[in-house]
Amino acid sequence: MTTRVRFAPSPTGYLHIGSARTALFNYLYARNTGGKFLLRIEDTDLARSTEESTRSILEGLAWLELEHDEEIVFQSDNADKHRATALKLLEEGKAYRDFTPREAPSDANVKDAIKERARANQGEKNMRDNQYRDLAKEESDAKAAAGEPFAIRLKVAEHGRTAFDDAVYGIQERDYAETEDLVLLRSDGHPLYNLAVVCDDIEMEISHVIRGQDHLTNTHKQILIYEALGVTPPTFAHLPLIMAPNKGKLSKRKHGEVVSMTTYRDAGFLAAAFRNYLALLGWSASEEQEIYTLDELIAKFSLSGIHRSNAVFNFSPDDPRKWTDDKAQWMNAEYIRTMPLVDLLPFVKAELKAAKLWREEYDEEGVALSANIPSTADLGPDGRPETVALDPREVGSRDWLIYTIDLIRQRFFTLKDFSTQGRAYFSEDFDFDPAAVAKNLTKFPDLKQWLPELADRFEAEFHSSPPYEGGVGAALSGRGGSRPFNEENIEIVVKAFTEEKGTKLGVIMNGARTMLTGVAVGPSMLSVFEIIGLERTLMRLRSQVAWNL
RNA sequence: GUCCGGUUCGUCUAGGGGUUAGGACACCGCCCUUUCACGGCGGCAACACGGGUUCAAAUCCCGUACCGGAUACCA
């Protein structure tokens, strides 16, 4: 028998981080067992469901690349079947009409009202004391025929207990006395959640129900429905919940965008990284590995690896650096700097395009951007990916792009960094980080003269022909009299210049870094000079913009 | 209130009768370095509490505390 699982969100908001993890676990289990991963939109409560929300959920799933099998099922489409099922149970005497007038739904604090009511009952309430429970069939039929509104309730037996063996929480038992005669059909004829879920799960031939632990008590109710219907229930696996830092409920109202999947997409997270992070929240393969490819997750996933205790999603709203979970951020950075360049490039391309920093020259006619990357997936002797062996000197070329990305990604955390922190590599229109300017420029007023002078020196050393009189030109390497603007040569020139000025190399280098890139961090400065290229270096060193801020 | 579940470093977790209680993130220090949020090395830091079983308990049992979930004609 093949496994059939489903992810069944109710479309009352975007894809929440907890739901996303539920979807992921269902997906992993389906793929692990060679089964089907189905999607069902639980829009039974039409008043609260929105199309917008359905779209947003689908978007989130698409971003995470959790592709579902078969057609999406909309629960509202099956309302007639649900109704028929309730009527059938009524016919069979397994349910009854409850003519008690419907209570006005308390709008504001439903949750609190319910809790209050439950507390007031002091556990003394007899769940079977409904006056219509044992009403004679004729009388019930007559009242119904007379047009009296009624809800249909399941007739739960007086004595006994429901039991099931949860794949995560083990044997769960509950005395019937704890379960009320649940409503299957509202007095307006509308089917309710528990009925709808059971009917649909049966119809969809679901073999495993993997969902949040908040459904643990619903499961007992649902089992009663399965029993009344004479259908063997599926296997249940309940997941621990994902909590806010204070161990309270994680919600949009309280915590805002951090809980929405699209936030991560928009913040430049890689789906693969976020998936990896999510997989490790409440599940582990009992080993020390942290980074898993999707295939590895699929291969290693098992219900027995799911935890029973809730996990905290850690973040501090008041600290911009920790706006979301540290580990999620680390994982994303780890992916960005170590994943095969071939896989990273399409994402960088999309980011640069969106920021209007993409140049046609980066694309080669009919060749995928990644096509000519040498085996960058191979790890170097230090366990890190090898640096790409391309010629970066033609600034703005395809080779230059790939080389540059590989260099700058080492200090990036999100895809956004390519268009923000790394903006100066791709555009003349970039901002200066005030802190960098203060630390590397204004602190050394001499640089205001020195850096343009350095530009002149570069121009003389690398441009003039014959070589610059009295310069270091003769020491520069190159073939046939050419003096390429490469790391080796740049170092010679900058060192000579520094000695001349009687200052420290760091002062010149850091000043130049800020002038060239607008920021204080980045790869080796010699590489930066090289990938910025001679022309842009001259221009930026001579620019006074940073000094006038 | 009642029912159900949970509790190992700040966080995610490994371990489930004998371990110097392991790893990751975060934090701190040192190294590398012209910078750095890369990298390398190191450090700080945990078995909720009380009983019991046992030669031996973080691990098994009971209780307490705390946390969470559920308790709708919501899903």
Side-chain angles (χ1 to χ4, degrees), chain A residues 8-10 12 42-45 47-49 75 98 100 102-103 105-106 110-111 113-115 117-125 149-153 169 172-175 177-180 182-188 190 192-194 196-197 212-218 220 238 240-241 243 245 247-249 277 280-282 284 286-291 307-315 321-322 325-331 333 337 382-384 409-413 421 436 439-440 494 498 504-514 519-526 528:
Chain A
S10 60
T12 52
E42 311 230 303
D43 54 352
T44 288
D45 186 351
R48 290 200 305 164
S49 303
Q75 192 157 63
D98 179 5
T100 310
R102 181 181 183 182
E103 277 181 49
S106 48
V110 199
K111 215 80 177 170
I114 285 159
K115 201 171 177 179
R117 193 193 313 166
R119 197 192 309 270
N121 287 332
Q122 289 281 82
E124 287 299 308
K125 187 190 177 192
F150 59 87
I152 294 184
R153 285 183 185 272
Y169 288 89
Q172 299 292 310
E173 291 178 300
R174 189 174 163 94
D175 204 283
E178 301 290 338
T179 305
E180 67 170 346
L182 56 138
V183 173
L184 302 174
L185 213 59
R186 237 156 49 180
S187 50
D188 61 4
H190 203 85
L192 250 24
Y193 175 75
N194 283 308
V197 166
Q213 186 244 73
D214 48 338
H215 284 290
L216 227 27
T217 45
N218 272 333
H220 289 281
H238 287 89
L241 270 20
M243 317 302 287
K247 297 192 197 297
K249 205 172 170 131
Y277 166 76
L280 264 20
L281 256 194
S284 73
S286 296
E287 57 187 6
E288 292 186 350
Q289 190 174 338
E290 303 274 345
I291 305 291
H307 308 152
R308 276 171 276 269
S309 51
N310 296 341
V312 169
F313 183 64
N314 212 2
F315 59 94
R321 281 190 46 182
K322 298 190 185 278
D325 195 280
D326 274 330
K327 202 152 188 173
Q329 296 202 64
W330 166 78
M331 187 112 24
R337 49 194 181 233
D382 56 353
R384 315 274 309 164
R409 68 169 169 155
Q410 294 309 325
R411 284 163 182 82
F412 285 175
F413 280 73
Q421 307 253 84
K439 181 185 166 203
N440 295 333
V494 176
T498 304
K504 282 195 225 159
L505 191 58
V507 173
I508 301 294
M509 289 295 202
N510 293 332
R513 177 187 301 285
T514 301
V519 294
V521 302
S524 150
M525 198 49 211
L526 295 173
V528 173

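Each chain gets a letter, A, B and so on, in the order its sequence line appears, and its residues count up from 1. The basis for the numbers below is simple: all heavy atoms, side chains too, and nothing from hydrogens, waters or symmetry mates.
Across all strands, A:R308 comes closer than 4.0 Å only to sugar-phosphate atoms, never to a base (heavy-atom distances). Counting non-hydrogen atoms under 4.0 angstrom, A:E180 reaches the backbone sugars and phosphates but no base. Using a 4.0 Å heavy-atom criterion, one finds that A:Y193 contacts the bases of the nucleic acid, with or without backbone contacts as well. A:G282 comes within contact range of the sugar-phosphate backbone alone, with a heavy-atom separation under 4.0 Å but no base atom that close. Counting non-hydrogen atoms under 4.0 angstrom, A:K504 reaches nothing in the nucleic acid. Within the 4.0 angstrom heavy-atom criterion, base atoms lie near A:P523. Nucleic acid contact for A:L526: base, since at least one base atom lies under 4.0 Å from a heavy atom of the residue. Using a 4.0 Å heavy-atom criterion, one finds that A:S309 contacts the sugar-phosphate atoms exclusively. Across all strands, A:Q421 comes closer than 4.0 Å to base atoms (heavy-atom distances). Contacts of A:T12 with the nucleic acid, taken as non-hydrogen atoms under 4.0 Å apart, are absent. At a threshold of 4.0 angstrom between heavy atoms, the contacts of A:A520 include nucleobase atoms, whether or not backbone atoms are also involved.
For B:U34, its base sits under 3.5 Å from the side chain of A:S524 at one donor and acceptor pair at least.
Taking CE of A:M331 as the start and CG of A:D325 as the end, the distance is 9.5 Å to the nearest 0.5 Å.
B:C41 and B:A24 have their P atoms separated by 10 Å, with the value rounded to a whole Å. With both ends at atom C1', the span from B:U54 to B:U59 equals 13 Å, rounded to whole Å. Of the C1' atoms belonging to B:A45 and B:U20, the separation is 16 Å, rounded to the nearest Å. B:C66 and B:C44 have their C1' atoms separated by 26 Å, with the value rounded to a whole Å. Across B:G39 and B:U64, the matching C1' atoms stand 49 Å from one another, rounded to whole Å.
Closest-nucleotide positions on RNA chain B for A:S286 and A:G522 were compared, and the one nearer the 5' end corresponds to A:S286.
Base pairing analysis places B:C41 opposite B:G29; the two distances defining the Watson-Crick or G-U wobble pair are each below 3.5 Å.
Distances from the side chain of A:D45 to the nucleotides B:U13, B:A75, B:U34 place B:A75 closest. Proximity note for A:E178 (side chain, C-beta onward) versus B:A75, B:C3, B:G23: the nearest is B:C3. Side chain of A:A311, nearest nucleotide from B:C27, B:G23, B:U13: B:U13. Of the candidate nucleotides B:U11, B:C74, B:A26, B:A26 has the atom lying nearest to any side-chain atom of A:W330.
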Just the atom pairs and distances: protein N or O near nucleotides 60-70 of chain B's N or O, under 3.5 Å.
| unit_1 | atom_1 | unit_2 | atom_2 | d |
| --- | --- | --- | --- | --- |
| B:G68 | O2' | A:N310 | ND2 | 3.0 |
| B:A70 | O2' | A:T217 | OG1 | 2.3 |

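Regarding A:L505, its CG atom lies at a distance of 5 Å from the C1' atom of B:U34, rounded to whole Å.
Side-chain N/O atoms of A:H307 include one lying less than 4.0 angstrom from OP1 or OP2 on B:A14. At least one side-chain nitrogen or oxygen of A:R186 sits closer than 4.0 Å to the OP1 or OP2 atom of B:C74. Taking 4.0 angstrom as the limit, A:R48 places none of its side-chain polar atoms (N or O) nearer than this to OP1 or OP2 of B:A75.
The closest side-chain heavy-atom distance from A:N310 to A:Q213 is below 4.5 Å.
Listed by chain and number, the residues in a side-chain hydrogen bond (donor to acceptor under 3.5 Å, both in side chains) with A:R513 amount to none (sequence neighbours excluded).
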